[in-house]
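Letters A, B, ... mirror the listed sequences (proteins, then strands); counts begin at 1.
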Amino acid sequence: MAQTVQLYNTLSRKKEVFTPINPNHVGMYVCGPTVYGDAHLGHARPAITFDIVFRYLQHLGYKVRYVRNITDVGHLEHDADEGEDKIAKKARLEQLEPMEIAQFYTNRFHKAMEALNVLPPSIEPHATGHIMEQIELVKEIEKNGFAYESKGSVYFDVEKYNKAHRYGILSGRNLEDVINASRALDGVSEKHNQVDFALWKNAQPEHIMRWNSPWGAGFPGWHCECTAMGRKYLGDHFDIHGGGMDLVFPHHECEIAQSVASQGDQMVTYWMHNNMITINGQKMGKSLGNFITLDQFFTGNHKSLTEAYSPMTIRFFILQAHYRSTVDFSNEALQASHKGLDRLMEGMAQIERITPIANGDITMDYVDKLRQNCYEAMNDDFNSPIVISHLFDACRILNQAADKKTTITPDALEAIQQVFHLFAFDILGLRPETGGSTGREEAFGKVVDMLLTQRQKAKENKDWATSDLIRDELARLGFEVKDTKDGSTWKLNK
RNA sequence: GGUACCUUGACCGAGUGGCUAGGUAGCGGUCUGCAAAACCGUCAACGGCAGUUCGAAUCUGCCAGGUACCUCCA
């Protein structure tokens, strides 16, 4: 762990040196998806952001336990007073069991994550599997006097909490402001104060998802699951809690309040938040209905897209911006990412064609600097765009060497390959897009080679018509032919 | 209204008190039978106004425009 990592802590609004509570071990909790719809581009952002954190910290030698939940209950659709669970609502619409919906979209989420080369977390707990823990949490808060029961529901007493501690420490709000800005509730409220949030909700008879509790049949409140599951798997105190910026308030603010109200102090040292993906400058999200699902990107099946974009293009597109900046989506920007990624991968593939020279121009000095630059970028709050810019520099060197415009020493060439693999593949999680080539594909490849041999013969006979015909027909089928000094090469576009 | 934040060249997008980010597109060239690719070179920016400073796009103030959160949201 020779590297010192600095990360931006939302709590202090500063970059801080990362020091885990237990040396060599890192506990990280990230808010996962609510599984009632297909994952869209916005879901890819935190998944990829914290995948990078996970990968990098592991690379540095930390033993990381990464917990990312699946929310399959607990988010209310409307006002708290007559809340209807999102999962339950969707189920009613489609006449399916709630758990069937949750499972269906969980499976699809996993598939999309795998396509994006997002590593699975160490633990992926479901909210419905931890009702007991959530009930325990509510009981503790109640016992400490920061909650009250009302008509079978339990609410967090924000005003009382704010007298002993501070509500708004993460989002930088004052309680008065929150109260003034809160929506007035319709009719008679069960709550003492409109800013109070639900810890446990009484279930109406028609409510499908329900569990028994000391307060009667009901379901857990909005913010309990993360506190309860984070504590269960990472302990009373752990290092990193992540999620989208839109969760800072109220979700994460409430989590802090819950942990302080139950155990007396905060659970989390570093709060990390990824920024939003925008489309035409506006947040991409469900409420605005302007989201594009990951599946639509992969298939190109959306009116804003001129073509299908591979999962790696999406990943690269996201990594080309820093995680705390917004990224504005456009078809044009995606095209640029697609070509840029291609260039990077092609450059890497050039290594095969480079003959190192003992007294080459590019030596270990260059590679050492390159490696150091990449580490410095990662250490500076996971600055992936800077890492990528350094990789492009290496790419240029490799292309030059392949073109015999420069030379590389054997040890430097091998080291460049290692650095490239480490940062591009292991840490940024990019992967070449060849896909697993099957025996069948290899056989087709040989047919292409055969055609190119014929074309080479035609060229030697200066039979340009035949030569061009072969090239153009192959191009039409998606095979891009490149002529080099040592003969022709090809690749399949798509 | 409150809170947080943003405004960089044709586009995307880093960063920084003085040292060319990078990618895509464009332009000129090398290479090639032609092309593609690659390579080399090149163009171009820091919303506006004032201040601090030897020096600011980078710090401060004001103005303009925009976004997010305050309701489920990644």
Side-chain angles (χ1 to χ4, degrees), chain A residues 10 13 30-34 36-37 39-50 75-80 83 86 168 171-174 176-183 195 222 242-251 253 273-278 281-288 291 316-317 320-322 324-330 332-344 346-347 350 373 377 380 383-393 395-396 398-406 459 462-464 467-468 471-472 475 480-485 489 491:
Chain A
T10 307
R13 301 189 190 279
V30 174
C31 293
T34 303
Y36 66 104
H40 59 74
L41 192 57
H43 292 97
R45 189 102 196 254
I48 290 171
T49 297
F50 293 101
H75 284 209
L76 301 177
E77 185 84 84
H78 296 300
D79 203 30
K86 273 187 178 173
S171 56
R173 285 157 214 260
N174 296 315
E176 284 176 35
D177 299 335
V178 179
I179 291 170
N180 291 336
S182 299
R183 284 195 315 180
V195 295
W222 313 3
M245 265 185 192
D246 49 352
L247 297 181
V248 171
F249 191 92
H251 184 54
E253 196 70 73
H273 293 98
N274 62 275
N275 214 320
M276 301 292 105
I277 288 181
T278 61
Q282 266 204 322
K283 176 179 161 180
M284 182 183 284
K286 270 216 148 35
S287 42
L288 291 163
F291 62 95
F316 189 69
F317 172 68
Q320 269 189 303
H322 188 257
R324 283 191 288 112
S325 302
T326 55
V327 189
D328 198 51
F329 156 81
S330 69
E332 206 184 353
L334 230 44
Q335 297 263 3
S337 287
H338 172 66
K339 288 192 179 165
L341 178 61
D342 244 27
R343 180 174 144 82
L344 206 57
E346 288 288 303
Q350 294 287 12
N373 285 340
D380 184 16
N383 200 327
S384 56
I386 294 292
V387 174
I388 289 170
S389 80
H390 292 312
L391 293 179
F392 271 116
D393 191 67
C395 181
R396 202 184 75 244
L398 292 174
N399 280 328
Q400 284 176 7
D403 254 32
K404 306 207 166 34
K405 299 254 169 57
T406 189
K459 283 175 70 172
K462 301 214 186 298
D463 178 5
W464 309 126
S467 159
D468 288 354
R471 183 180 66 201
D472 296 344
E480 187 183 312
V481 176
K482 289 201 285 191
D483 289 342
T484 69
K485 286 195 171 64
T489 64
K491 67 169 182 171

Discussion item. Suppose we call a contact any N or O donor and acceptor under 3.5 Å apart; does that hold for the side chain of A:S467 and the base of B:rG33?
Written reply: yes
Response to the item:
Rounded to whole Å, NE2 of A:H251 lies from P of B:rU71 at a distance of 15 Å
Discussion item. Categorize A:D328 for me: base, sugar-phosphate, or nothing, with a 4.0 angstrom heavy-atom threshold over every strand shown.
Written reply: sugar-phosphate
Worksheet item: Are side-chain N/O atoms of A:T278 and A:D328 paired as donor and acceptor at under 3.5 Å?
Response: yes
Item to complete: Would you mind classifying the nucleic acid contact of A:N399 as base, sugar-phosphate or nothing, using non-hydrogen atoms under 4.0 angstrom?
Response: sugar-phosphate
Worksheet item: Is there a donor and acceptor pair closer than 3.5 Å between the side chain of A:R396 and the base of B:rC39?
Response: no
Practice prompt. Would you please confirm or rule out a distance under 4.0 Å between OP1 or OP2 of B:rG23 and any side-chain N or O of A:S389?
Written response: no
Worksheet item: Is A:M245 touching bases, backbone alone, or none of the nucleic acid, heavy atoms closer than 4.0 Å?
Response: nothing
Discussion item. Please classify the nucleic acid contact of A:H40 as base, sugar-phosphate, or nothing, using heavy-atom distances under 4.0 Å.
Written reply: base
Practice prompt. Report yes if the ring of A:F392 lies under 5.5 Å from the six-membered base ring of B:rG23 with planes under 30°, and no otherwise.
Written response: no
Fill in: Side-chain donor/acceptor contact of A:D393 with base of B:rG23 under 3.5 Å
no
Item to complete: Scan A:G42 against the nucleic acid and name what it touches under 4.0 Å (heavy atoms): base, sugar-phosphate only, or nothing.
Response: base
Discussion item. Could you tell me how far B:rA45 sits from B:rA21 if I compare only their P atoms? Round to whole Å.
Written reply: 12 Å
Worksheet item: Within the structure shown, what part of the strands sits under 4.0 Å from A:L247 by heavy-atom distance: base, sugar-phosphate, or nothing?
Response: sugar-phosphate
Item to complete: Identify whether the distance between the nearest side-chain nitrogen and carboxylate oxygen of A:R471 and A:D468 falls below 4.0 Å.
Response: yes
Practice prompt. Tell me yes or no: between the side chains of A:Q320 and A:S384, is some donor less than 3.5 Å from an acceptor?
Written response: no
Worksheet entry | Presence of donor-acceptor pair under 3.5 Å, side chain of A:R471 and base of B:rC34 | yes
Discussion item. What contact category does A:K283 fall into here, base, sugar-phosphate, or nothing, at under 4.0 angstrom with non-hydrogen atoms?
Written reply: base
Practice prompt. Give one of base, sugar-phosphate or nothing for A:V327, where a contact means two heavy atoms less than 4.0 Å apart.
Written response: sugar-phosphate
Practice prompt. Determine: side-chain N/O of A:N383 to OP1/OP2 of B:rG15, distance under 4.0 Å, yes or no.
Written response: yes
Practice prompt. Please work out if A:S337 contacts a base, only the sugar-phosphate, or nothing of the nucleic acid, heavy-atom cut-off 4.0 Å.
Written response: nothing
